[in-house]
Amino acid sequence: MAFLKPKEDTAAQVDFDHLPRHVAIIMDGNGRWAKRRGLPRTAGHAAGAETFRTIATYCKNIGLDYLTVYAFSTENWKRPLEEVSAIMGLLKKYLLESIEKMERDQIRLHFFGDLSPLPAELREMCGRTDAISQRYDGMQVNVCLNYGGRDEIVRAARAFAADCAAGKTTPEQLTEEGFSQYLYSAGVPDPDLVIRPSGEIRISNFLLWQSAYAEFYYTDVLWPDFSKEELHKALAAYQGRSRRFGGV
Ligand code: IPE
Ligand code: IPE
Ligand code: MG
């Protein structure tokens, strides 16, 4: 007689009283997810957007303070125009729906990246979302849009140099903490855990400065298939790590 294997209780492996404060996710694998189903890549992005909604809500419910997601990199402009336009369209749709639900969800949306090359309507929506978010104090979700870690550092260096030129500060006064304040992430604690689905084991220009001591977790699961169970596995793995920060 065959026995059904009981479904693994992934939640039981997580200590919900000691969660990381800040989780960051490289939402990768949408294209492959679609290809495996014989669908256009854009269908994968639509499915990925739904996963984002589910995971962000769950992260809020379990009490995370910060969630940062990589939605579009400074390198993603290399993709076919059709795909880029579809992603921009999905972002617009998502933001519009989020604005309506913000009061109920109490999720604050914030953006990391250079928004200036984005379509005007989308840019305007990001501004509106950001403004509404100021009224709430729930979990902060940072959406990385036209974001690149190197670009962020170069911009910070430029802004610091400009402050020096304006006589507001001097090179000698610069500290790591001080430099952090010029980054998109100013005021946000560094990510404790960076998750990358889709089987790729690389950072792809994500939070280069901020992830200096982040724990890294990767899984072969593609982002549209990522679930609460997968998040539990990542959190449990994180809780099993010994973070030494260079000490013993
Ligand atoms: C991540 O999924 C979404 C973006 C980069 C915008 P991909 O589109 O990179 O999916 P794969 O890696 O091709 O499967
Ligand atoms: C990283 O994924 C960017 C996002 C998920 C938004 P990519 O698919 O662009 O990264 P590579 O090309 O595999 O390094
Ligand atoms: Mg990819």
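What's counted below: heavy atoms across the whole structure, side chains too, no hydrogens, waters or symmetry copies. Everything numeric in this text was worked out from a predicted model, so none of it was measured. Order of appearance sets the numbers: ligands from 1, and atoms from 1 within every ligand.
- In this structure, His232 and Tyr58 have perpendicular ring planes: the angle between them is above 60°, well past the 30° mark.
- Judged purely by distance below 3.5 Å, without hydrogens or angles, the side chains of His22 and Thr68 pair a donor atom with an acceptor atom.
- A continuous path of Ile, Leu, Val, Met, Phe, Trp and Tyr side chains, each step under 4.5 Å between heavy atoms, connects Ile99 with Leu145, placing both in one hydrophobic cluster.
- Each protein N/O/S atom under 2.8 Å from the Mg ion (ligand 3) was counted, for a total of 1.
- Here the rule is side-chain contact (heavy atoms from CB on, under 4.5 Å) with Ile195, and of Trp223, Phe216, Phe226, Tyr218 only Phe226 fits it.
- Tyr66 pairs in a side-chain contact (heavy atoms from CB on, under 4.5 Å) with only one of the listed residues (Val23, Val141, Val188, Asp192), which is Val188.
- Of all atoms in ligand 2, listed by their number and element, those nearer than 4.0 Å to a heavy atom of Arg202 are 11 (P), 13 (O), 14 (O).
- The closest side-chain donor-acceptor pair between Tyr147 and Glu152 falls under 3.5 angstrom.
- Seen from the ring of Trp33, Arg36 does not count as a face-on cation partner, given the 6.0 Å and 45° thresholds.
- A salt bridge links Asp114 to Arg155: at least one charged side-chain nitrogen sits closer than 4.0 Å to a carboxylate oxygen.
- Checking Trp77 against Asn146 by side-chain atom types alone, a donor-acceptor pair falls below 3.5 Å.
- Below 30°, between 30° and 60°, or above 60°: for Tyr182 and Phe179 the angle between ring planes is between 30° and 60°, a tilted geometry.
- Within 4.0 Å of ligand 1, contacts by protein heavy atoms are made from Met27, Asp28, Gly29, Asn30, Gly31, Arg32, Arg41, His45, Ala71, Asn76, Arg79, Glu83, Ile87.
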